Protein chains: 2
Amino acid sequence: MEEIDRRIVTLLAQDGRMSFTDLARETGLSVSAVHQRVRRLEKRGVVRGYAAIIDHDAVGLPLTAFVSIKPIDPAAPDDAPDRLSHLRAIEACHSVAGDESYILKVRVASPVALEDLLQQIRASANVSTRTTVVLSTPYEHRVPHLAGEPDPAPDITQD
Amino acid sequence: MEEIDRRIVTLLAQDGRMSFTDLARETGLSVSAVHQRVRRLEKRGVVRGYAAIIDHDAVGLPLTAFVSIKPIDPAAPDDAPDRLSHLRAIEACHSVAGDESYILKVRVASPVALEDLLQQIRASANVSTRTTVVLSTPYEHRVPHLAGEPDPAPDITQD
DNA sequence: TATGAAAGCGTTATTCA
DNA sequence: TGAATAACGCTTTCATA
């Protein structure tokens with residue numbers, strides 16, 4: 001992936017509704033060229049989709065927590081993500097290195113809802129849980145800097 | 001906030017580029033009514049923005065980690081989020097309850113880049129760090145169910 | 001890959017209910 | 001608040017290079 005594609009990805013990560021016209025202006029390409037590149041980025045899965053960023057407080061889910069889970073029976077097959085995917089309060093599930101096997105990010109309406117969710121998690125996946133409650137979120141959803149050389153383009157110039 | 005707004009928010013959270021025409025069809029409102037509601041949701045901050053969802057592997061940032069930080073000097077004023085905000089590899093910063101004070105979510109290109117970032121975090125905010133490396137991410141960015149009663153409509157049925 | 005042109009469709013402001 | 005209209009701008013496709 002090269003410079004212009006990185007630029008497009010960064011712009012769309014910052015404003016997912018930016019128009020092709022604006023993207024064209026920002027990148028110096030024609031509208032149809034950007035259009036083509038965006039569709040290619042989508043098809044290749046570089047851009048996986050678009051989402052509105054929601055204020056969870058405003059929407060009745062003011063309590064965020066990280067729940068680390070560990071299997072009760074370490075010999076059992078580990079299909080925790082599948083067993084938990086029906087719990088819609090779970091926003092994300094990451095497999096992690098370390099003492100515990102997964103970190104879940106959850107959003108709920110209240111402490112009681114969290115208590116209930118934890119019971120469902122333990123029952124659904126046969127795991128123990130360790131929960132870290134989020135008090136506030138200074139920032140989230142920041143867009144990283146997509147630097148110059150991820151894949152150092154082996155220079156096979158031979159002329 | 002009521003039913004139709006929740007519907008709109010959910011639809012936009014799932015597809016941030018959905019057109020007003022489609023939103024109108026899905027909600028049974030006219031285009032101009034949805035338009036008005038979306039603008040109001042944006043102005044009120046319920047919808048805080050729009051973002052493309054990026055495949056970080058494809059973009060040269062395949063390593064994700066959670067970094068928990070704790071101040072070296074607990075008496076010093078806690079302005080870690082401000083001191084760290086220049087580090088663009090930090091995608092999110094959550095203040096948390098528990099032994100540590102913040103959890104950072106970071107995205108980097110390689111283990112060496114992570115090592116470097118951790119040193120910058122420690123130096124910038126005068127903290128110790130504990131890092132949990134993400135091995136894989138079964139799912140992320142799921143849209144929660146915005147249930148009927150954020151404000152549980154006190155059931156005063158008495159008959 | 002990039003461009004420009006043309007058709008169709010979506011967005012937005014305005015007006016009225 | 002919601003609907004209808006109309007002007008305008010954006011998206012998408014196509015032919016071309």
Side-chain angles (χ1 to χ4, degrees), chain A residues 1-55 58-60 143 146-159, chain B residues 1-55 57-60 143 146-151 153:
Chain A
M1 212 186 49
E2 32 97 328
E3 190 50 29
I4 293 185
D5 282 340
R6 272 197 299 275
R7 193 81 212 291
I8 291 173
V9 168
T10 300
L11 289 166
L12 284 176
Q14 287 164 351
D15 177 4
R17 283 187 88 107
M18 182 175 281
S19 70
F20 292 105
T21 307
D22 287 348
L23 285 171
R25 220 200 340 271
E26 295 283 338
T27 55
L29 290 180
S30 69
V31 172
S32 43
V34 207
H35 184 258
Q36 222 169 160
R37 278 171 181 266
V38 171
R39 290 290 175 255
R40 200 184 53 196
L41 289 166
E42 290 171 355
K43 219 178 62 190
R44 290 184 184 167
V46 179
V47 171
R48 290 170 41 188
Y50 302 89
I53 297 169
I54 300 312
D55 180 340
V59 105
V143 176
L146 305 186
E149 324 62 332
D151 195 2
D155 186 351
I156 49 172
T157 311
Q158 285 173 340
D159 66 15
Chain B
M1 213 186 49
E2 32 96 331
E3 190 51 29
I4 294 185
D5 281 341
R6 272 197 300 275
R7 193 81 213 291
I8 292 173
V9 168
T10 300
L11 289 165
L12 285 175
Q14 287 164 352
D15 177 3
R17 282 187 89 109
M18 182 175 281
S19 72
F20 292 107
T21 307
D22 287 349
L23 285 171
R25 220 201 340 271
E26 295 282 340
T27 56
L29 290 180
S30 70
V31 171
S32 45
V34 210
H35 184 258
Q36 218 171 163
R37 278 171 182 265
V38 171
R39 290 290 174 257
R40 201 185 51 197
L41 289 166
E42 290 172 355
K43 220 178 63 189
R44 291 184 183 166
V46 179
V47 171
R48 290 168 42 186
Y50 302 89
I53 296 170
I54 300 313
D55 180 340
D57 287 10
V59 105
V143 176
L146 304 186
E149 338 45 342
D151 196 4

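These figures come from a predicted structure and were not determined experimentally.
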Base of C/dA13, side chain of B/S32 - is there a donor-acceptor contact under 3.5 Å?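 In this structure, the two groups form no donor-acceptor pair.
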
Ignoring hydrogens and angles, are the base of D/dG2 and the side chain of B/S30 linked by a donor-acceptor pair under 3.5 Å?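 Donor-acceptor pair under 3.5 Å: no.
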
Distance in angstrom units between [X] [atom1] and [N] [atom2], rounded:
| X | N | atom1 | atom2 | value |
| --- | --- | --- | --- | --- |
| B/E42 | C/dT11 | CD | P | 12 Å |
| A/L23 | D/dC10 | CG | P | 12 Å |
| A/F20 | D/dT12 | CZ | C1' | 9 Å |
| A/R39 | C/dT1 | CZ | P | 17 Å |
| B/Q36 | D/dA4 | CD | P | 14 Å |
| A/M18 | D/dC10 | CE | P | 12 Å |
| B/E26 | C/dG10 | CD | C1' | 16 Å |

Which nucleotide in the set C/dT11, D/dA3, C/dG4 lies at the smallest distance from any side-chain heavy atom of B/T21?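 Of the options given, the side chain of B/T21 lies nearest C/dT11.
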
On DNA chain C, compare the nucleotides closest to A/L29 and A/R17; which residue's is nearer the 5' end?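 This one resolves to A/L29.
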
Base, sugar-phosphate alone, or nothing: which one does B/S19 contact when heavy atoms must sit under 4.0 Å apart?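 Sugar-phosphate contact only - B/S19 comes under 4.0 Å of backbone atoms but never of a base.
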
Base, sugar-phosphate alone, or nothing: which one does A/A33 contact when heavy atoms must sit under 4.0 Å apart?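 The residue A/A33 makes base contact.
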
4.5 Å side-chain heavy-atom contact, [X] and [Y]:
| X | Y | result |
| --- | --- | --- |
| A/D5 | A/L41 | yes |
| A/L29 | A/R37 | yes |
| A/V47 | A/V38 | no |

Check the phosphate of [N] against [X], side-chain N and O only, distance under 4.0 Å to OP1 or OP2. Yes or no?
| X | N | result |
| --- | --- | --- |
| A/R37 | C/dA2 | yes |
| A/R40 | C/dT1 | yes |
| A/H35 | D/dT11 | no |

Mark yes or no for whether B/R7, through its side chain, and B/E2, through its backbone, hold a donor-acceptor pair below 3.5 Å.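 Pair absent, no side-chain N/O of B/R7 close to backbone of B/E2.
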
Evaluate the criterion side-chain contact (heavy atoms from CB on, under 4.5 Å) for residue pair A/V9 and B/I54; output intermediate values, then yes/no. CA-CA 8 Å; A/V9 168; B/I54 300 313; 3.5 Å; yes

